[in-house]
Amino acid sequence: MDGLARPRRIVAIVNAAAGPGLPKARFMEIRQSLHSEPFGSAYLTLRRGHGEEWARTFRHEVGYIVFGGDGTLHEVVSGMDITSQSVSIVPTGTAISLGRDLGMPTLADACGGIETARTGKVDLIAVILRRRDGTVRRCRAVASVAVGWPARIAELAAKWASDLGAAAYPAAAAVLGLRPPRFEVSVSVDGGRWARKTLTGLLAGNTRHVMTVPLFPDADPCDGRMEVLELSAGPARRVLHAVATAARVYLRLPVARAAVTPQLARRMSVLLPVARTVAVDGEQYSGVIRIELRVLRGGLRLFMPLGGEP
């Protein structure tokens with residue numbers, strides 16, 4: 001083998017804490033399932049940010065198969081080389097936005113897509129978060145960036161996920177939705193004039209599902225635009241929106257089409273007079289005073305699961 005390059009592999013990154021937790025026996029089963037070409041070893045994430053560290057470690061490989069939810073995928077995508085690597089996902093977390101868009105692929109679906117080199121592309125959001133202490137976090141979002149009420153839902157749901165599973169998000173929304181605090185924010189969309197607003201929440205979505213909800217059923221994850229939703233309505237209006245969205249998605253009622261009307265944008269800048277927590281794919285970043293978002297059209301190359309489409 002002297003002088004011959006080692007074949008490049010697909011590396012598995014597994015979040016053992018995603019959703020209700022991954023039993024050790026399941027991890028060993030995953031490792032055994034991937035014990036052949038073109039797969040390499042499987043690596044556990046043991047702390048916050050560990051997925052990004054693993055992705056940076058293996059940037060010379062073909063790509064990754066990610067076992068986890070939105071947060072795990074966010075870390076891997078933030079650390080990988082998006083110009084040369086690809087990702088496959090096996091949803092095992094609580095918030096699995098892109099996984100739901102792809103029809104909840106199984107391990108067999110994901111491996112089939114890799115082995116047949118079946119690829120597709122979806123958009124990413126390049127994120128810059130400037131904190132009050134002067135530090136800057138640069139990362140990428142797959143599903144959503146949120147401030148205010150949606151960010152608090154993600155934070156509370158993460159605490160309840162081990163006990164409630166996917167029900168943690170609707171439960172958190174119900175608890176926090178009665179009296180969400182308002183906050184001041186200035187927003188510029190696509191380089192336009194700054195507008196000062198008073199909101200209960202601000203959400204930029206990149207997938208049809210956000211957390212566990214099909215919030216943007218008409219969204220196109222490959223169109224180079226994100227859906228921007230400004231939340232300011234009272235409890236009754238929010239409940240009406242939720243019911244109308246559910247009717248639209250599950251009952252196919254056209255009367256509900258105007259229930260949620262996001263603004264489409266390619267770029268967005270946000271100024272926060274008071275430092276706040278921002279949720280990027282559910283991951284919490286505190287002390288943020290400025291947000292810069294830019295859509296990377298077709299920025300993420302996926303190994304498409306068998307039966308799934310972007």
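Just so you know, these numbers come straight off a predicted model, no measurement behind them.
- Listed here is the closest heavy atom pair of Leu202 and Pro150: N-CD, 4.4 Å.
- A donor-acceptor distance shorter than 3.5 angstrom exists from the side chain of Asn206 to the backbone of Val142, with no hydrogens or angles considered.
- With hydrogens and angles disregarded, a donor-acceptor distance shorter than 3.5 Å links the side chain of Gln85 to the backbone of Phe58.
- A continuous path of Ile, Leu, Val, Met, Phe, Trp and Tyr side chains, each step under 4.5 Å between heavy atoms, connects Leu302 with Val76, placing both in one hydrophobic cluster.
- Rounding to the nearest 0.5 angstrom, the gap separating the OG atom in Ser144 from the CD atom in Glu227 is 12.0 Å.
- Contact annotation: the side chain of Arg140 approaches that of Ser78 to within less than 4.5 Å [non-hydrogen atoms, C-beta and beyond].
- Closest approach of Ala12 to Phe67, counting heavy atoms only: CB-CE1, 4.1 Å.
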Could you walk me through whether Val210 and Leu229 pass the side chain to side chain contact (heavy atoms under 4.5 Å, CB included) check? CA-CA 12 Å; Val210 176; Leu229 196 59; over 6 Å; no

Test side chain to side chain contact (heavy atoms under 4.5 Å, CB included) on Tyr43 and Val11 and set out the steps. CA-CA 8 Å; Tyr43 298 88; Val11 174; 3.6 Å; yes

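- In terms of modelled atom types and a separation under 3.5 Å, the side chain of Arg301 and the main chain of Ser84 share a donor-acceptor contact.
- You'll find the side chain of Glu52 stays beyond 4.5 Å of the side chain of Cys139, heavy atoms only.
- Here the closest non-hydrogen pair linking Pro273 and Glu184 is CD-O, 3.3 Å.
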Show the numbers, then the answer: is there a side chain to side chain contact (heavy atoms under 4.5 Å, CB included) between Met304 and Leu102? CA-CA 8 Å; Met304 296 303 300; Leu102 294 174; 3.6 Å; yes

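- Side chain of Arg208 to main chain of Ala219: a donor-acceptor pair is present (N/O by atom type, distance under 3.5 Å, no hydrogens or angles).
- For the atom pair Ser286 OG and Leu129 CG, the distance stands at 10.5 Å (nearest 0.5 Å).
- A side chain to side chain contact (heavy atoms under 4.5 Å, CB included) with Leu293 is found for one member of Val189, Val145, Val228, Val280 and no other, namely Val145.
- Between the CG atom in Leu73 and the CD1 atom in Ile89 there is a gap of 6.0 Å [rounded to 0.5 Å].
- By the 4.5 Å heavy-atom criterion applied to side chains, Leu300 and Val87 are counted as neighbours.
- Closest approach of Cys111 to Phe39, counting heavy atoms only: SG-CZ, 3.7 Å.
- Looking at heavy atoms from C-beta onward, Phe303 lies in side-chain contact with Ile10 at the 4.5 angstrom threshold.
- With a 4.5 Å cut-off on side-chain heavy atoms, Val185 and Lys197 count as touching.
- At least one donor-acceptor pair closer than 3.5 Å links the side chain of Asp281 to the backbone N or O of Ala143.
- Within 6.0 Å of atom CZ in Arg48, more than 12 heavy atoms from other residues, nucleotides or ligands are found, so the atom counts as buried in its surroundings.
- A salt bridge between Glu292 and Arg294 is absent, with no side-chain N of the basic residue lying under 4.0 Å from a carboxylate O of the acidic one.
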Please determine whether side chain to side chain contact (heavy atoms under 4.5 Å, CB included) holds for the pair Val270 and Val278, giving the CA-CA distance in whole Å, both sets of side-chain angles, and the decisive distance to 0.1 Å. CA-CA 11 Å; Val270 180; Val278 177; over 6 Å; no

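- Clustering ILVMFWY residues whenever any of their side-chain heavy atoms sit less than 4.5 angstrom apart, transitively, puts Val187 in a cluster other than the one holding Ile289.
- The aromatic rings of His74 and Tyr285 stand perpendicular to each other, their planes meeting at an angle above 60°, with 30° marking the opposite boundary.
- Residue Ile96 comes nearest to Gly68 through the heavy atom pair CG2-O, 3.7 Å, listed as atom of the first residue, atom of the second, then distance.
- Contact check for Trp54 versus Tyr64: no side-chain heavy atoms found under the 4.5 Å cut-off.
- Arg225 and Asp223 are joined by a salt bridge, as a carboxylate oxygen and a charged side-chain nitrogen come within less than 4.0 angstrom of each other.
- Grouping the Ile, Leu, Val, Met, Phe, Trp and Tyr side chains by contacts below 4.5 angstrom, directly or via other members, places Leu296 apart from Val127.
- Screening His60, Glu61, Arg59 against Asp81 for a side chain to side chain contact (heavy atoms under 4.5 Å, CB included) leaves a single residue, Arg59.
- Looking only at side-chain heavy atoms (C-beta outward), Val288 and Val147 stay at 4.5 Å or farther from each other.
- Between the side chain of Asp101 and the backbone N or O of His209, at least one donor-acceptor pair lies under 3.5 Å.
- Between Lys121 and Cys222, every side-chain heavy-atom pair lies at or beyond the 4.5 Å cut-off.
- Remark: side-chain polar atoms of Thr200 are paired, donor with acceptor, to backbone N or O of Leu231 under 3.5 angstrom.
- The two residues Glu75 and Gly51 make their nearest non-hydrogen contact at OE1-N, 2.9 Å.
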